[in-house]
Amino acid sequence: MRYWLMKTEPDECSIDDALAAPRHITPWTGVRNYQARNFMRDQMRVGDGVLFYHSSCEEPGIAGLAEVASAAYPDPTQFERSSPYYDPKAKKDDPRWFHVDVRALKKTRLVPLAELRRRKPLAKMVLLRPGNRLSITPVTEGEWTYIGKLV
DNA sequence: GCCAACGTTGGC
DNA sequence: GCCAACGTTGGC
């Protein structure tokens, strides 16, 4: 069992949106970064823990808890010409982008980025590394447990 | 809206 | 395979 932090823009899909979806499931489409794709495709397993993170918004931070709900499968938006995530180089028989389904479990209090930075036990979180922009980052078991008590 | 940091692209 | 130019991310 592994743990992850997944960023989403609440304007696009907030924790409330994810909880309102059928069976609380959101297909995590639109990831167009190879490292993030590889995490989903190669390392995620059904049941892995997910910190649901709001980014690019008024108050960035952890907003909820979720879990990985499927194995990785090809992202259909890469083939949709009208989609902002359309990738002309992706081929049907050789998809470039993969994603998993995420099941939202609960909304938590918003734990702001500034608070995460302040918490000594979280000092080594990948999310907090200077210059980090990855939309999916691994979380250690220690960090997961600590954050579980915070929220 | 700014801008620093980073990833990707493509010419050579 | 290098690297400059460009586009994107995301906090502020």
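Labels below follow one simple rule: chain letters A, B, ... track the order of the sequence lines, proteins then strands, and each chain is numbered from 1.
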**Student:** Could you check which residues of residues 77-100 of chain A get a heavy atom under 4.0 Å from DNA chain B? Sort them by number, please.
**Tutor:**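 When residues 77-100 of chain A is checked for heavy atoms under 4.0 Å from DNA chain B, the hits, listed by number, are Lys89(A).
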**Student:** Whole angstrom is fine here: how far is it from CG in Leu5(A) over to P in dG10(C)?
**Tutor:**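 Answer to the nearest Å: 11 Å.
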**Student:** Could you state the CG-P distance from Asp11(A) to dT9(C), rounded to the nearest angstrom?
**Tutor:**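 Going from Asp11(A) (CG) to dT9(C) (P), I get 14 Å.
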**Student:** In whole angstrom, what separates Asn38(A)'s CG from dG7(B)'s P?
**Tutor:**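 Value for this atom pair: 13 Å.
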**Student:** With a 4.5 Å limit on heavy-atom distance, are the side chains of His54(A) and Thr8(A) in contact?
**Tutor:**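 Yes, side chains in contact.
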**Student:** Hey, quick one: are Tyr3(A) and Ile136(A) part of the same hydrophobic cluster, counting side-chain heavy atoms closer than 4.5 Å, chains of contacts allowed?
**Tutor:**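 Different clusters.
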**Student:** Strictly by salt bridge (Lys or Arg N to Asp or Glu O under 4.0 Å), give each pair with a member in residues 29-38 of chain A just once, sequence neighbours left out.
**Tutor:**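 Counting only pairs at least two positions apart or across chains, the salt bridge (Lys or Arg N to Asp or Glu O under 4.0 Å) contacts touching residues 29-38 of chain A are Arg32(A)-Asp75(A).
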**Student:** Taking CZ from Arg32(A) and P from dT8(C), how many angstroms apart are they, rounded to a whole number?
**Tutor:**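 Result: 13 Å.
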**Student:** Check the side chains of Tyr34(A) and Arg41(A) for a donor-acceptor pair under 3.5 angstrom, ignoring hydrogens and angles.
**Tutor:**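 Note: Arg41(A) and Tyr34(A) side chains miss the donor-acceptor criterion.
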**Student:** Where along residues 121-135 of chain A does a heavy atom come under 4.0 Å from DNA chain B, residue by residue in number order?
**Tutor:**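 DNA chain B contact set from residues 121-135 of chain A: Pro130(A), Gly131(A), Arg133(A).
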**Student:** What is the distance, rounded to the nearest whole Å, between atom CD of Glu115(A) and atom C1' of dG11(C)?
**Tutor:**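 To the nearest whole Å, that distance equals 17 Å.
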**Student:** Please check if the number of heavy atoms outside Glu80(A) that lie under 6.0 Å from its CD is greater than 12.
**Tutor:**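 Yes.
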**Student:** Please check the phosphate of dT9(C) (OP1 and OP2 only) for any side-chain N or O of Tyr53(A) closer than 4.0 Å.
**Tutor:**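 No.
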**Student:** Could you check whether the rings of Trp4(A) and Phe39(A) sit parallel, tilted or perpendicular, using 30° and 60° as the cut-offs?
**Tutor:**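 Trp4(A) vs Phe39(A) ring planes: tilted.
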**Student:** Answer yes or no: is there a side-chain heavy-atom contact under 4.5 Å between Leu127(A) and Leu113(A)?
**Tutor:**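 Yes - at least one pair of side-chain heavy atoms lies under 4.5 Å apart.
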**Student:** Roughly how far apart are Glu143(A) CD and Leu150(A) CG, rounded to 0.5 Å?
**Tutor:**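 Going from the CD atom of Glu143(A) to the CG atom of Leu150(A) covers 11.5 Å.
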**Student:** Separation of Gln35(A) atom CD from dC6(B) atom P, in whole Å?
**Tutor:**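 Those two atoms, CD and P, are 12 Å apart.
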